[in-house]
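Notes to accompany the following structure.
Here is the naming used below: chain letters follow the sequence lines, and residue numbers restart at 1 for every chain.
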Number of protein chains: 4
Amino acid sequence: MTDSLPIRREDARVQRSRQALRAALLDLVEHRPFEAITIREITDCAGVGHATFYRHYPTKGALLDDVAAGQIRDLMALSLPVFQARSTIDVCLATVRHVEAHRRLWSALLTGGAASAVRAEIIQTAREYGGEHHPTAEWIPTDLVQRFAATALMEVLTWWLERGDTVNSEDAAKLLNQLMFFPIINPAS
Amino acid sequence: MTDSLPIRREDARVQRSRQALRAALLDLVEHRPFEAITIREITDCAGVGHATFYRHYPTKGALLDDVAAGQIRDLMALSLPVFQARSTIDVCLATVRHVEAHRRLWSALLTGGAASAVRAEIIQTAREYGGEHHPTAEWIPTDLVQRFAATALMEVLTWWLERGDTVNSEDAAKLLNQLMFFPIINPAS
Amino acid sequence: MTDSLPIRREDARVQRSRQALRAALLDLVEHRPFEAITIREITDCAGVGHATFYRHYPTKGALLDDVAAGQIRDLMALSLPVFQARSTIDVCLATVRHVEAHRRLWSALLTGGAASAVRAEIIQTAREYGGEHHPTAEWIPTDLVQRFAATALMEVLTWWLERGDTVNSEDAAKLLNQLMFFPIINPAS
Amino acid sequence: MTDSLPIRREDARVQRSRQALRAALLDLVEHRPFEAITIREITDCAGVGHATFYRHYPTKGALLDDVAAGQIRDLMALSLPVFQARSTIDVCLATVRHVEAHRRLWSALLTGGAASAVRAEIIQTAREYGGEHHPTAEWIPTDLVQRFAATALMEVLTWWLERGDTVNSEDAAKLLNQLMFFPIINPAS
DNA sequence: CTCTAATCGAGACGGTACGTCGCGTCTTACG
DNA sequence: CGTAAGACGCGACGTACCGTCTCGATTAGAG
């Protein structure tokens with residue numbers, strides 16, 4: 001019986017356009033702040049008509065989400081399980097290595113001007129993950145932990161990526177462990 | 001002629017215009033994101049001609065600085081000396097109390113949508129203060145400490161102000177101490 | 001093989017589509033100006049895919065022609081022979097009666113907003129007929145006579161159709177005779 | 001007492017912009033149909049920002065009105081008094097001479113593609129003038145007379161202007177008299 | 001009663017023009 | 001002078017249609 005593909009395949013043209021837009025955004029965001037980038041520029045750079053942008057994304061930010069959401073989700077998947085893990089430093093190392101492996105993308109996302117949008121996206125993702133794991137110092141409110149962890153993560157990674165290659169990934173992981181995990185796990189002295 | 005006043009007295013109209021603009025910005029920023037506020041709206045709300053804005057500030061951000069810079073500087077003056085102080089919890093309490101005493105202003109600055117602009121301003125101020133005090137764990141790079149501390153401060157205060165009155169200032173100070181100071185002073189276990 | 005039908009029978013689907021489009025145009029043109037009607041609207045109203053329109057007509061105007069051309073041609077065939085006829089009033093009456101017999105169509109064409117397009121079509125048709133008959137006052141240039149007659153015809157008919165039933169066809173014919181034929185046949189006093 | 005000018009003088013810049021736009025429209029309408037002219041083209045040609053257009057006119061048609069209304073009014077002022085005058089031929093001659101004196105403008109208005117808009121404007125103006133004078137054959141309804149006269153006037157003038165200089169103004173006046181006035185004054189034979 | 005090719009719906013696409021918005025500059029006239 | 005009022009050049013915005021172009025999925029009508 002040929003049920004062939006029960007899942008409706010997306011129109012190939014749609015895939016192509018979306019991919020072109022994503023790539024164009026990444027190209028552009030490396031050179032100037034995300035907010036300074038025009039939707040027309042993105043579409044010109046992507047080689048699509050500018051109306052095509054709106055057929056796929058309501059907003060510049062929506063495209064950024066589409067570009068970043070997957071990466072962010074991957075990253076969070078590495079970063080958040082720490083609440084159950086014992087050796088936080090390993091989690092930090094995994095996180096840092098993941099970012100390093102996609103250095104170009106994350107540089108664009110964090111240092112390219114899209115930072116504040118990505119920040120919101122990360123906090124949002126953290127919020128979705130959160131609530132399940134509570135191995136932190138229980139006197140710190142969960143939502144504050146989420147905000148703090150997300151922001152601390154961003155700051156350390158941003159700082160690290162801006163440093164180029166002057167800090168190796170082990171040291172970065174150590175710093176991340178110290179600034180992000182240490183305060184939410186250890187009690188104040 | 002009494003040169004006894006080295007500071008040129010500003011034209012009264014100038015003072016009035018500036019004050020009207022500052023007040024207008026504070027009014028507006030409570031209701032929607034700073035970036036979404038139009039210069040025309042500010043001037044309309046202030047009851048001045050819109051060209052008048054440009055005679056005093058080159059930019060929306062410049063007006064925000066004028067509104068916030070003093071407050072931020074005051075806050076940092078309380079917050080940063082901790083690097084020399086012994087009892088960081090006292091510093092946190094002073095910081096939290098200072099913000100509480102200007103709750104409306106700080107709510108506007110942090111939760112009103114100006115957050116990212118203020119964030120940049122705080123980091124900038126921290127940078128200026130920095131370099132002088134190094135009582136932190138010396139293996140954490142100074143510039144990372146500055147970024148981290150500024151951001152952690154912002155996050156805790158933002159979280160606290162959004163909670164309304166459900167968290168008292170002592171607890172807030174404790175959380176601030178735990179999340180901001182603890183990791184940059186204590187060595188990782 | 002029965003060549004008795006020289007005209008190739010059109011695919012039934014083609015007939016259906018064309019008819020749906022013609023009907024849709026007539027529906028729409030009653031409510032707003034022809035120029036303001038979108039091809040997408042016509043196709044939606046006709047219940048066909050919008051690309052189907054282009055498979056049959058190159059242009060909105062081409063569809064209008066298809067709707068109107070035959071009628072216009074019939075009308076002109078009645079109206080123009082007058083140049084040879086002796087009793088112009090009879091021709092006028094025939095013309096008016098013909099329009100009356102197709103009142104809904106002609107109302108749509110003349111008062112529905114397609115007027116200027118139809119006007120051009122009529123003048124064009126008049127031009128094709130023209131040149132053959134010259135029983136008019138010979139000092140009036142032929143091409144001016146054509147323009148004038150076509151336009152005068154349109155105006156009288158439009159006026160008449162807009163009046164609803166308040167003017168009977170005999171009076172309309174009399175007015176048409178007076179305004180269209182009288183000046184081009186009789187010499188100025 | 002210097003009440004100076006009780007009438008608020010229009011800002012000089014406004015006058016300049018409007019004039020530039022009017023001139024630009026006249027330039028452009030000579031080369032292609034009015035409907036095919038873009039508002040951006042008008043503003044580019046006028047050397048003003050395209051938004052400036054909308055500060056003065058809601059619509060392309062509104063600009064055309066502003067250009068044409070005065071001329072049309074002047075023309076009607078010559079043409080309509082005929083209903084009281086005895087020698088219609090003199091009125092025709094005056095009309096034709098007036099158009100001749102502004103040949104470039106009227107060519108643009110009538111043959112440039114703006115024709116249908118101008119036609120509506122003329123009929124409107126005729127309607128305003130109308131109702132006062134009834135020296136026409138009383139059995140022809142007033143509103144039909146207005147429509148007819150306006151259209152006949154347009155047709156004759158359009159035809160004449162398209163002929164270049166091959167028809168002198170006396171002959172044109174004679175034709176206008178014959179086609180426009182003759183049928184509405186003289187009874188049918 | 002098939003089989004094949006014409007026709008269709010659906011809708012993505014590259015374009016062009018639209019009319020709106022906010023910017024920051026500049027002009028005019030007032031106090 | 002500093003101001004209000006507001007016109008202006010600029011340029012991005014998001015929308016609306018255009019006419020072209022795949023795609024499968026009918027569906028006529030010839031064999």
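Looking at A:Q15 and A:D11, their side chains never come closer than 4.5 Å, going by heavy atoms from C-beta outward. A:T59 has its side chain out of reach of A:L63: every pair of non-hydrogen atoms, C-beta onward, lies at least 4.5 Å apart. Counting only heavy atoms from C-beta outward, the side chains of D:L21 and D:F53 approach each other to under 4.5 Å.
Between C:Q15 atom CD and F:dA28 atom P there is a gap of 13 Å when expressed in whole angstrom units. Atom CZ in B:R16 sits about 8 Å away from atom P in F:dT3, given to the nearest Å.
Shown here are the side-chain contact (heavy atoms from CB on, under 4.5 Å) partners of B:A24, two or more places apart in sequence or in another chain: B:I42, B:C45, B:A46. With sequence neighbours excluded, no residue satisfies salt bridge (charged side-chain N to carboxylate O under 4.0 Å, His left out) with C:R18. For B:T158, the side-chain contact (heavy atoms from CB on, under 4.5 Å) criterion is met by A:R147, B:L110, B:T111, B:E162, not counting sequence neighbours. Residues forming a salt bridge (charged side-chain N to carboxylate O under 4.0 Å, His left out) with B:R16 (at least two apart in sequence, or on another chain): none. Among residues two or more places apart in sequence or in another chain, the side-chain hydrogen bond (donor to acceptor under 3.5 Å, both in side chains) test is passed with A:R40 by A:H50. For C:T43, the side-chain hydrogen bond (donor to acceptor under 3.5 Å, both in side chains) test picks out no residue, with sequence neighbours left out.
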For residues 25-35 of chain D, which side-chain N or O atoms pair as donor and acceptor with protein atoms under 3.5 Å away, sequence neighbours left out?
unit_1: D:E30; atom_1: OE2; unit_2: D:R104; atom_2: NE; d: 3.4
unit_1: D:E30; atom_1: OE2; unit_2: D:R104; atom_2: NH2; d: 2.6
unit_1: D:R32; atom_1: NH2; unit_2: D:A36; atom_2: O; d: 3.4
unit_1: D:R32; atom_1: NH2; unit_2: D:E41; atom_2: OE1; d: 2.7
unit_1: D:R32; atom_1: NH2; unit_2: D:E41; atom_2: OE2; d: 2.6

If you look only at distance, which donor and acceptor atoms sit under 3.5 Å apart when one is on a side chain in residues 66-73 of chain C and the other is two or more places apart or in another chain?
unit_1: C:D66; atom_1: OD2; unit_2: C:R22; atom_2: NH1; d: 2.7
unit_1: C:D66; atom_1: OD2; unit_2: C:Y57; atom_2: OH; d: 2.4
unit_1: C:Q71; atom_1: OE1; unit_2: C:W106; atom_2: NE1; d: 3.2
unit_1: C:R73; atom_1: NH2; unit_2: C:E128; atom_2: OE1; d: 3.1

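Within residues 50-63 of chain B, the residues approached by DNA chain E to less than 4.0 Å at the level of any non-hydrogen atom are B:H50, B:A51, B:Y54, in residue-number order. Proximity of residues 18-27 of chain C to DNA chain F (heavy atom under 4.0 angstrom from any strand atom) is not detected for any residue. DNA chain E lies under 4.0 Å from no heavy atom of any residue of residues 29-44 of chain A.
Mapping C:S17 and A:G47 onto DNA chain E via the closest heavy atom, the residue that lands nearer the 5' end is C:S17.
In this structure, the side chain of A:S17 engages the main chain of A:R13 through a donor-acceptor pair within 3.5 Å. At least one donor-acceptor pair closer than 3.5 Å links the side chain of D:K60 to the backbone N or O of D:I37.
When the C1' atoms of four end pairs are superposed on the next four at each end of the helix from E:dC1-F:dG31 to E:dG31-F:dC1, using five pairs per end, the two resulting axes differ in direction by 20°, to 10°.
Nearest to the side-chain atoms of C:R13 among the listed nucleotides F:dT27, E:dC13, F:dC8 stands F:dT27.
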